[in-house]
Amino acid sequence: MQKLRLILGAVGRREARGILIGPEGNPRATLWRGSSPANLILCHSPEPARNELARRHLGVWSFKTPPLEPGTQYDLAATVGDEWTQTGFETLPAKGESSELSIAAMSCYYDGYHTDASYLSTLERWGQGIDFKILLGDNLYLDVPGDDIRSVPYEHTVDRYVRYFYESGYADVLGRGSTFVTWDDHEYWNNYPQRVVWLSRTWGDSRDEYENAARDCLDAFQQPLCPRESDDHRSFAFDEAPCVSFFFADVRTQRQRYRADGSSRLLGPLGIESLENWASKLERPGVLVIGQPMGLAPGNWADYNSPDFTDHYSRIWAALAAAPYDVMILSGDVHFSRILRFDVNSPTGGEPRPVYEVVTSPACHIPGFLGQGSANVVAPGDFKSAGAAIQPRITVYYAGSACPNTFAILKFEAIGRRVRVGVRFLDTLKNREPYWEKLGIDSSEHRWRANRQMAPTEMFVLDKRGQDG
């Protein structure tokens, strides 16, 4: 095990950020471009997570670089005492200098099966040349029992983060290239913020402490990897990549408990406004990164889904339908992988607008005794909760897989105002593409474009929307 780890977060055109994890001490980090070094300011993780880490003689420090040059290679080295590590990265190209983007997207990684070596091997084989990774949520499981579980909330939560982000081979996956993140319920507990009958932490005397520990560790290990628009919410737009504009929607940390009238929120007030503003002002196709898919049927007391939160759910669909460019949703969570096209009525009238959704999950499924790991590729069901004026409907099922150890490689290529999108799912245990599977609905009503023996290289095209939709 490495004693000092550098995990690079978001790398843009002129800035990079990340975290350093290692033994307690006085850390130093130096950024190099050629022979010109620059010392970085390292910020200690916030208390009380810092105090719990100190009991293990460990520290977590975050950093953000000074202004950088676009399309430039940099080296980064860090030391704590006698320990030393280094990594390299290249900033994204200046605006207009590249017409291609390649990313890896993964969701739902359970470390208990120790599949990290095959995960890394598959990423290294198929992910050559990717610009960055996106972790889509459930990036670790705080609520799944294991041999490291503790009765003390902070002790257990920090232990689990240290295992995933520092001790295990999964940290090698995190350390490969730059990484953007969002999160979902298992960063707290299943169906957060609801009470769960089989999880005493959700209704017992320790609920508040478990919740605070999860949020503090999120702010220590994951949040520093990404920009943050404001202290009031963790959603953010990222418009520096070639081809497409990204919006990362945090639909979990400020989610309210479910109310039957559907008025509970998915995002904080500023978060939903920021998403709507991003969609309305797109100057090229958009990618909405969200921890829980939009193409889901309503849930229930055991696990509520996005459609159960009618107000925000309808507002998100309306924003995507009214956007001046096509939008693709990128998500995980549901333990199958799937690519769909929806046609959505525009709030301003005219022909229905296409919205695409790519779901990839899980990178490693959680144990079968929890009823997971044996999902099928399913259709979302009806969309009554999206509002009568919106009415999303499935028009194309491109491909899907129920492989329980999967992540995706996505490639974007700009051709004029259009962006061609290719998607490839990968089976990490077999280090190959999985077989595609038909959707669990009448295929005569939905065009099924996947070939069982060969993965499509081009799935769909994102375009500017005209007055005729």
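Since we're looking at a predicted model, the values are computed, not measured. We're numbering straight along the sequence, starting at 1. Quick note: numbers below take in every heavy atom, side chains included, and nothing from hydrogens, waters or symmetry partners.
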key: Backbone N/O of Pro434 and side chain of Asp427: donor-acceptor pair under 3.5 Å   = no
Cationic N near anionic O, under 4.0 Å, Asp172 to Arg5 = yes
task = State the CG-CD distance between Leu92 and Glu240, to the nearest 0.5 angstrom.
result = 7.0 Å
key: Side-chain heavy-atom pair Leu267, His312 within 4.5 angstrom cut-off   = yes
inquiry  = Any side-chain to backbone donor/acceptor pair from Ser235 onto Gly271? Under 3.5 Å, distance only.
reply    = no
message = Any donor-acceptor pair under 3.5 Å linking the side-chain atoms of Ser245 with those of Asp239?
response = yes
key: Donor-acceptor pair, side chain of Ser331 and main chain of Ile290, under 3.5 angstrom   = yes
query = Checking side-chain contact (heavy atoms from CB on, under 4.5 Å) against Arg341, which of Ile394, Val396, Asp326 comes through?
reply = Val396
query = Do side-chain atoms of Gln256 reach the backbone of Arg265 as a donor and acceptor pair under 3.5 angstrom?
reply = yes
query = Should Asp463 and Arg418 count as an ion pair when the cut-off is N to O under 4.0 Å?
reply = yes
task = Apply side chain to side chain contact (heavy atoms under 4.5 Å, CB included) to Ile316 and Ile272, showing your working.
result = CA-CA 8 Å; Ile316 294 171; Ile272 186 70; 3.8 Å; yes
request  = Provide the closest heavy-atom pair for Ala10 versus Pro227 in the form atom of the first, atom of the second, distance.
outcome  = CB-CD, 4.0 Å
query = At their closest point, which heavy atom of Leu140 faces which heavy atom of Glu187, and how far apart are they?
reply = CD2-CG, 3.9 Å
key: Between Phe132 and Phe180, ring centroids under 6.0 Å   = yes
key: For the student: nearest non-hydrogen atoms of Ala249 and Leu288, plus distance   = CB-CD1, 4.0 Å
request  = Would you sort out whether Leu101 and Val419 count as a side chain to side chain contact (heavy atoms under 4.5 Å, CB included), showing the intermediate values?
outcome  = CA-CA 10 Å; Leu101 175 71; Val419 173; over 6 Å; no
ask   = Distance under 6.0 Å and angle within 45° of the ring axis: does Arg255 meet both against Phe309?
value = yes
request  = State the CG-OG1 distance between Leu429 and Thr122, to the nearest 0.5 angstrom.
outcome  = 8.0 Å
task = Using a strict 4.0 Å threshold on nitrogen-to-oxygen distance, state whether Asp250 and Arg228 make a salt bridge.
result = no
ask   = Do you know which two heavy atoms are closest between Leu68 and Phe89, and how far apart they sit?
value = CD1-CE1, 3.9 Å
remark   = Heavy-atom nearest pair, Ser280 first then Pro324, reads O-CD, 3.7 Å
message = For Ile415, is the CD1 atom crowded, meaning more than 12 foreign heavy atoms sit under 6.0 Å from it?
response = yes
key: Sub-6.0 Å ring centroid separation between Tyr109 and Tyr119   = yes
task = Specify the closest pair of heavy atoms between Val173 and Leu123, including all atoms of both residues, with the distance to one decimal.
result = CG1-CD2, 4.1 Å
ask   = Between Phe246 and Phe412, what is the ring plane arrangement, given parallel below 30°, perpendicular above 60°, and tilted in between?
value = perpendicular
Test: Lys411 and Glu413 ion pair at under 4.0 Å = no
message = For the backbone of Leu275 and the side chain of Asn277, can you confirm whether one donor and one acceptor N or O come within less than 3.5 Å of each other?
response = no
query = Would you call the rings of Phe165 and Tyr161 parallel, tilted or perpendicular if under 30° counts as parallel and over 60° as perpendicular?
reply = tilted
request  = Verify whether one side chain among Gln292 and Asp184 offers a donor that lies under 3.5 Å from an acceptor in the other.
outcome  = no
query = Checking side chain to side chain contact (heavy atoms under 4.5 Å, CB included) for the pair Leu320/Val344: CA distance, chi angles, key distance, verdict?
reply = CA-CA 9 Å; Leu320 302 187; Val344 189; over 6 Å; no
request  = Have a look at His365 and tell me which of Phe336, Tyr113, Tyr141, Tyr110 forms a ring-ring contact (aromatic ring centres under 6.0 Å, His included) with it.
outcome  = Tyr113
request  = Decide yes or no for Asp333 and Leu136: does some side-chain heavy atom of the first lie under 4.5 Å from some side-chain heavy atom of the second?
outcome  = no
query = With no hydrogens and no angle check, is any side-chain donor or acceptor of Thr72 less than 3.5 Å from a backbone partner on Pro70?
reply = yes
inquiry  = Determine whether a donor-acceptor pair (N or O, by modelled atom type, separation under 3.5 Å) exists between the side chain of Thr179 and the backbone of Lys133.
reply    = no
ask   = Hey, does the side chain of Thr91 reach the backbone of Arg14 with a donor-acceptor pair shorter than 3.5 angstrom?
value = no
query = Are there more than 12 heavy atoms of other residues, nucleotides or ligands under 6.0 Å from atom CD of Glu283?
reply = no
message = So does Arg163 get a backbone contact from the side chain of Ser168, meaning a donor-acceptor N/O pair under 3.5 Å?
response = yes
Spacing of CG belonging to Leu120 relative to CG belonging to Leu174, to within rounding of 0.5 Å = 10.5 Å
key: Check: Glu124 main-chain N/O paired with Gln128 side-chain donor or acceptor under 3.5 Å   = yes
From OH (Tyr397) to CD1 (Ile339), nearest 0.5 Å = 8.5 Å
ask   = Can you find a heavy atom in the side chain of Thr360 that is under 4.5 Å from one in the side chain of Leu410?
value = no
request  = Determine, step by step, whether Met106 and Leu135 satisfy the side chain to side chain contact (heavy atoms under 4.5 Å, CB included) criterion, reporting the C-alpha distance in whole Å, the side-chain angles of both residues, the deciding distance to 0.1 Å, and the verdict.
outcome  = CA-CA 5 Å; Met106 48 274 289; Leu135 303 186; 3.3 Å; yes
query = Do Trp301 and Asn191 have side-chain N/O donor and acceptor atoms under 3.5 Å apart?
reply = no
query = If you round to the nearest 0.5 Å, how far is SG of Cys217 from CD of Gln222?
reply = 10.0 Å
